[in-house]
Amino acid sequence: MTQYWHQFFDLGQSVLPLIAGEHHLGLVVLSFAIALLGAYTSLLTLVRANSYRNPLYRHGWLLVSAVIAGLTVWSMHFIGMLAFKIPLAIEHQLGLTIISVVPAVLANWYALGTQLKLTPQYVPSLSKSLFAGAVLGVGIGGMHYIGMAAMQFNGVLLYHVGWFLTSIVVALTLGVIAMLTYRNLARYEQRSSIDRFASRLLPATVIAVAISGMHYTAMTAARFYGIVEAHGSHVHSNWLAYVIGFAAVIAAVVAVVGTKVDKRLYLQTKSQREAKQIIHHLATQDALTGLANRQQLLEHLEQLPVQFYALVVFDLDKFKALNNTYGASYGDMLLRQVGERLNKLNLFCARTGGNEFVLVLPCPHEQNVSLSQNTTLARIKEIQAQLEAPYQLGHFTHLCTVSIGITRFQAGGEPDVILGEASLALAQAKLNHHHSGIEIFRSELAEQAAKRIALESDLRHAMNQQQLQLFLQGQVDPQGKLVGAEGLLRWQHPQRGFISPAEFIPLAEDTGLIIPIGRWVIEQACAILKQWQLSSNTETLTLAINVSGRQFQQPDFVDNLSRQIKQAGINPQRLKLEVTESLMLHDVELVAEKMKALTKLGVHFAIDDFGTGYSSLSYLAELPFETLKIDISFVRDMLTQPSMASIVKAIVQLAESLNLTTVAEGVETPEQAAYLKQLGCHALQGYLFSRPAPSAAFDEALHIH
């Protein structure tokens, strides 16, 4: 052990003369500047490490910081050696020279790693920073003394014990101070540019002082014993070591540039990521309510953990009436308040469009499926009650009901299919809203929808393939004389046979096909009237055809009808348009304007199915109707139910008081006919007199040629 100490420490054992050296002040300053540059650069790259949350990027930049810091210590050492002038020829063993950088890199890797921010507000503990500073000091000292051991010259190198210990104390003390300085100043990294610069410069300065202080204290401890050459001077033959040292400085500069480039790329990437997030937010959020939209709903359904759920679709009833009455701003106000109530449920909610909302409700984990469904249904009814509570819309309180469609599903299914099932249930709920307003999906609903789609497709083909026909059913006066007919639309399907108008007319209304079909019916009616005008037997007959509310509301309805009448060359007084009372629910003023325009042309109007809709005596007085048609439901039961007989009597009396004629449809027995004649009904229509028949057969029965 004593022999080892004699090989390292100067205990007066050397017989060679002590060689004195001196430092070149300019190179000393340069060495400190390089140490400062490297330390600052390492802290700058550490900031890049802290900017990432990806472990790969974080540790990658940490390694860069450690390598730069280690090379800085290494470079400063060799420049410091160049600054030391001594008349000896000195070489450096390449292996030890390269190995000497390892403790500096490892020490910096650990010390800087303790300063990585685990969270934006993270501050390493005091004990961790103290230990990190000690490790940094050991690394600096280890690098220096291994590098000194790599020196080869004609003599021996020994160290003064006191100064050696002082160098270690300097390295440890300044290393600890450097880490504590960085720990305390790191919080300024998020402030102004001056604060950021200071938070790196001050710790870097302390680190540079630690490196330089340790080096030059250790050089003071060094004792060179050897033989001075005749013309001795400070000669370093191993030029590669110095090239590497200066290359480390260049690496530090490159690292600074790299951090700037990386920061710019990072900010660009971050901006792009934030822009994508904003775009995704806009693409998946409903702007009015702040709820998810349909796209996000579909994404959410794809990501659900495996279990059973209920997809609940809500629809605000008569929302369109609110918009039409008070304006869209009130409708928007209602939608926002509905969104606020749904948000409070702490469930996934979405607005899929218009006044339709969707809720994803986890089903209870019950082994009894029926019990689970009942629990879920009870929860949905609670939500329905919350949504149907009064809303304060500006100056008035609004009450609305909610229709609900539900489907139960297990995660992993097709989102579009799941949403489609709930929508089918909702459509059924709206049809049956006189009940609870809630409908649960059943397979029959899908079958009905499929049939409806197929029927719609067939109806479109029917128009092109002339499968539709206009049948005629005669209308007679109380004496049994034919006074006119009603045109009834019929569809003879090539495979399915006769399809009831009650089945395809509502479909045509919903799909808009009623508009081209209605136009075709008018064309057929005009052609029939044109034919009737050619015979004295039929020239006085009237022809009534049904006009749907949707068809009548078309802006060009009056112009088109006028054009068709003129082109056919018929007497417009022989054409009667039958409309239902539902037409009056729309813009009454616009309806009145159109009716008056057609009345001036000579066309007559009748109210079909009077008494079954939203009857109002006001429009009977205001609108130019000529005829009231008594619905078949009243005529059929008037002889067996006194209430029905009273209704029929009241309708006839009402018509008389308003100077309107009456037509009773669905007359099937002589007793019914006799009762209606007794009441004073002006015209009768039904199977008792004639069944609906194609126009050709109808004309043939009248002997029209």
Side-chain angles (χ1 to χ4, degrees), residues 459-460 462-475 484-492 501 504-534 538-580 582-583 586 590-609 623-627 629 663 665 685 692-696 698-699 704:
L459 183 56
R460 293 183 184 276
M463 294 174 57
N464 298 327
Q465 297 172 3
Q466 299 180 348
Q467 296 174 11
L468 299 178
Q469 298 182 60
L470 191 65
F471 279 37
L472 301 180
Q473 185 176 33
Q475 297 175 342
E486 180 182 4
L488 302 171
L489 190 62
R490 295 294 183 263
W491 179 11
Q492 186 71 27
F504 73 84
I505 292 296
L507 176 63
E509 288 273 6
D510 292 342
T511 58
L513 290 174
I514 195 67
I515 296 172
I517 290 175
R519 190 177 299 120
W520 176 84
V521 168
I522 292 174
E523 290 177 358
Q524 297 300 306
C526 290
I528 292 170
L529 287 172
K530 178 68 174 178
Q531 182 68 24
W532 285 358
Q533 288 181 175
L534 301 178
T538 55
E539 62 180 352
T540 59
L541 297 181
T542 61
L543 179 59
I545 57 173
N546 291 278
V547 176
S548 75
R550 188 165 184 175
Q551 180 184 2
F552 193 88
Q553 291 161 21
Q554 295 301 304
D556 58 352
F557 176 75
V558 173
D559 293 338
N560 285 338
L561 181 59
S562 301
R563 184 173 60 254
Q564 287 177 295
I565 290 173
K566 291 178 181 178
Q567 288 177 350
I570 63 171
N571 181 357
Q573 295 185 355
R574 300 305 172 194
L575 180 64
K576 183 177 291 185
L577 303 183
E578 295 186 358
V579 297
T580 61
S582 61
L583 178 64
H586 302 282
L590 183 60
V591 170
E593 182 181 339
K594 290 183 177 182
M595 289 182 67
K596 290 175 181 177
L598 291 173
T599 301
K600 287 182 180 179
L601 188 64
V603 177
H604 296 291
F605 283 92
I607 299 180
D608 196 13
D609 303 332
L623 300 179
F625 287 109
E626 181 198 46
T627 303
K629 289 197 71 176
V663 177
E665 58 183 358
Q685 176 183 341
S695 60
F698 186 86
D699 290 348
I704 301 174

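Quick caveat, the model's predicted, so the values are computed rather than measured.
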(request) Taking only Lys NZ, Arg NE, NH1 and NH2, and the carboxylate oxygens of Asp or Glu, determine whether Arg550 and Glu509 approach each other closer than 4.0 Å. (result) no

Residues passing the side-chain contact (heavy atoms from CB on, under 4.5 Å) test with Arg563, sequence neighbours excluded, are Asn560, Gln567

dist Asn546:CG -> Leu489:CG (nearest 0.5 Å) comes out at 9.5 Å

Taking every heavy atom of Pro624 against every heavy atom of Phe605, the minimum-distance pair comes out as O-CB, 4.0 Å

In terms of heavy-atom contacts, Arg574 and Thr540 come closest through NH1-O, 3.2 Å

Do Leu577 and Leu561 have side chains that get closer than 4.5 Å, going by heavy atoms?
-> yes

Sorted by chain and number, sequence neighbours left out, side-chain contact (heavy atoms from CB on, under 4.5 Å) with Gln473 holds for Leu488, Gln685, Tyr687, Ser690, Pro692

Applying salt bridge (Lys or Arg N to Asp or Glu O under 4.0 Å) to Lys594 and not counting sequence neighbours gives none

Residues Leu529 and Leu541: closest non-hydrogen pair is CD2-O, 4.2 Å

*asked:* Using only atom types and a distance under 3.5 Å, with no angle test, would you say the side chain of Ser548 pairs donor to acceptor with the backbone of Gln551?
replied: yes

Requested in this report: Could you check if a side-chain atom of Phe625 sits within less than 4.5 angstrom of a side-chain atom of Val579, using non-hydrogen atoms only?
Outcome: yes

**Message:** Donor-acceptor check, side chain of Gln469 to backbone of Pro694, threshold 3.5 angstrom: yes or no?
**Reply:** no

